[in-house]
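Values below: all heavy atoms of this structure, side chains included; hydrogens, waters and symmetry mates excluded. In what follows, chains are A, B, ... by sequence order, proteins preceding strands, each numbered from 1.
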Number of protein chains: 2
Amino acid sequence: MDIIKVGFVGLGLMGGSLSIALKKQSKDYYFIGLDHNTLHCSQALELGLVDEIASSLETLKACDIIFLSIPVDGIIAVAQQFGTLPPNCTVIDLGSTKEKISLSIPKDIRHNFVAAHPMTGTEKFGPHAAIDDLYTDKVVVLCDIEKSGTHQEKIAKELFKNIGMNIVCMDAKEHDRHAAFISHMPHALSYALANSVMEQEASKSIIALAGGGFKDMSRIAKSSPNMWEDIFRQNKSNVLEAINSFQSELKKCQKMVENEEWHTLNQWMQDANRLHDILD
Amino acid sequence: MDIIKVGFVGLGLMGGSLSIALKKQSKDYYFIGLDHNTLHCSQALELGLVDEIASSLETLKACDIIFLSIPVDGIIAVAQQFGTLPPNCTVIDLGSTKEKISLSIPKDIRHNFVAAHPMTGTEKFGPHAAIDDLYTDKVVVLCDIEKSGTHQEKIAKELFKNIGMNIVCMDAKEHDRHAAFISHMPHALSYALANSVMEQEASKSIIALAGGGFKDMSRIAKSSPNMWEDIFRQNKSNVLEAINSFQSELKKCQKMVENEEWHTLNQWMQDANRLHDILD
């Protein structure tokens, strides 16, 4: 079989872990990386995440598949910089927002693109954050797939299936609303939780007592501010709606505690328990 | 060595896991359980968490050590029911709130009691939730320890040390404030998050997309409503203060997104990142 050339724009957690997953699945891949962070480039080479570093975006155009594994504003910028692309080149962006990206891709190369959001990650970033099995048994959402070329759709679906992902298709607008509730708003909560605890006088002694609940709730407060600034910007209206919806639930809880409506509070917590009948 | 008789009032996650931990550490313990839930009694026997089931609280008074591993309102009720206790009997309550419990113990048996809060747990409950290593390398807070007898203090400290716990002492009032921030308020957030997502029209399809972040943030929304109703009641004022503090942080975030103050938002997230310099 011929070698398949795979390019990565962005050599962090998502790109690096994808390289590990693809390498495990087939020996036919050759990986070329591009990252404006030169330290990340040398680390990715050292870790064997890529076989070579490209000198420019232009060089990557010779790849069969190009992953855009960078913050979402960067994805929009790179999409503009491509100019033209060979007809069979498949560009897969891994951004956590999809509507603005999907709409911003120049018409002439829209069929080259597949807008994907793998619903996985950790709070860590950079090439050293890359891990085995980040994608295994996880969901990947493909958005506005009818705008991708038939070839590109086939390539992307096969690739994600081969690394053990479950494919869900939906339109980008719907995706962004769902992602706001399931991912973006919870990140805002985690950042707010971390800051509210650290504002306390005895924050160090409070944190010394942290059990599993607090550690879980505050884990994603360690996520990259640069990545999340872009996400909150691109998904502003949905994120605000999700925060509002959360706030009104928390206010309910606050009122019930204030007014000592213990029976109603118990029922409200029982309602929340039901999430896990769906999730587990 | 003589057999040490250990009683458990409450045969759920905390009591059951403690039995496992103690059994691992020494063969000199004999475990006697009491639970108003007869199913939990038979399950605890079957699982080998206890050697026998007591018929009444009175029977348990013959134990060297008695753990109260029940919801916090139950702890207060049981403390009233003891009447008298042998001078060397050690009663250790494992409640998540401490001030009301510490104050409610009848004077005559106050020296028998050690008010402890192990900063560990899972969202599961009942004897089948009991797990190995729940206590290993975790913090246990001992409150108002000067009110416990010298013998009782020694017994409790040795026991928690022997199962691998790190002991922190503080007064009950301080504990309750810290616990509100590090544990009780985060539980309120998790319940509110679960309910706000489930209120959405497409809740099932949203939840189908859940990644690790959402799963972590919503895990403790599965916790026992009966247990948490008691905690919110007993720690009402601190919990309300912690919720207020969280709400003002979340409002900051909301305003920054609304007003597109991206640079300030980025800085705010960087502030939150610092939590993990303290926590990790």
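His178(A) and Ala202(B) make their closest contact through CE1-CB, 3.7 Å (heavy atoms, listed as atom of the first residue, atom of the second, distance). Met198(A) and Asp271(B) make their closest contact through CE-O, 3.1 Å (heavy atoms, listed as atom of the first residue, atom of the second, distance). Scanning both residues, Glu260(B) and Lys236(A), for their nearest heavy atoms gives OE2-NZ, 2.9 Å. When all heavy atoms of Met185(B) and Ser196(A) are compared, the closest pair comes out as CE-OG, 3.7 Å. When all heavy atoms of Leu275(B) and Ser218(A) are compared, the pair lying nearest together is CD2-CB, 3.5 Å.
Residue Ala242(B) does not touch chain A at all, counting heavy-atom pairs closer than 4.5 Å. Both the backbone and the side chain of Met217(B) come within contact range of chain A, with heavy atoms under 4.5 Å apart.
Contacts with chain B were tallied for Asp216(A), Val239(A), Val197(A); Asp216(A) has the most, counting heavy-atom pairs under 4.5 Å. Note on Lys222(A), Met119(A), Met256(A), His117(A): by heavy-atom pairs under 4.5 Å with chain B, the leading option is Lys222(A). Ranked by heavy-atom pairs under 4.5 Å with chain B, the list Asp277(A), Asn244(A), Leu193(A), Ile220(A) is led by Leu193(A). Among the candidates Glu174(B), Gln254(B), His263(B), the residue making the largest number of heavy-atom pairs closer than 4.5 Å to chain A is Gln254(B). Contact tally against chain B (heavy-atom pairs below 4.5 Å) for Val257(A), Ile182(A), Ile206(A): the top residue is Ile182(A). Ranking Lys215(B), Lys251(B), Gln247(B) against chain A, the residue ahead of the rest is Gln247(B), based on heavy-atom pairs under 4.5 Å. When the candidates Ser245(A), Gly211(A), Cys253(A) are compared by the number of heavy-atom contacts under 4.5 Å with chain B, Ser245(A) comes out ahead.
The closest side-chain heavy-atom distance from Tyr191(A) to Asn273(B) is below 4.5 Å. Side chains of Phe246(B) and Leu189(A) form a contact here, defined as non-hydrogen atoms less than 4.5 Å apart. Contact annotation: the side chain of Gln200(A) approaches that of Arg177(B) to within less than 4.5 Å [non-hydrogen atoms, C-beta and beyond]. Between Phe181(B) and Phe214(A), every side-chain heavy-atom pair lies at or beyond the 4.5 Å cut-off. Under the 4.5 Å side-chain criterion, counting only non-hydrogen atoms from C-beta, Met269(A) is not in contact with His187(B).
Atoms CG and CG, from Leu209(B) and Asn166(A) in turn, are 11.0 Å apart once rounded to the nearest 0.5 Å. Rounded to the nearest 0.5 Å, atoms CG (Asn195(B)) and CG (Leu250(A)) are 11.0 Å apart. Note that the CD atom of Glu261(B) and the CD atom of Glu229(A) stand 12.0 Å from one another [nearest 0.5 Å]. Residue Asn226(A) holds its CG atom at 7.0 Å from CD of Gln270(B), rounded to the nearest 0.5 Å.
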Task: Test side-chain contact (heavy atoms from CB on, under 4.5 Å) applied to Glu123(A) and His276(B), step by step - done: CA-CA 11 Å; Glu123(A) 72 285 12; His276(B) 292 272; over 6 Å; no
Task: Stepwise side-chain contact (heavy atoms from CB on, under 4.5 Å) check, Lys204(A) with Ile278(B) - done: CA-CA 7 Å; Lys204(A) 280 201 182 179; Ile278(B) 310 173; 4.2 Å; yes
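Residues of residues 129-143 of chain A placed with any heavy atom under 4.5 Å of a heavy atom in chain B are listed by number as Val139(A), Val141(A).
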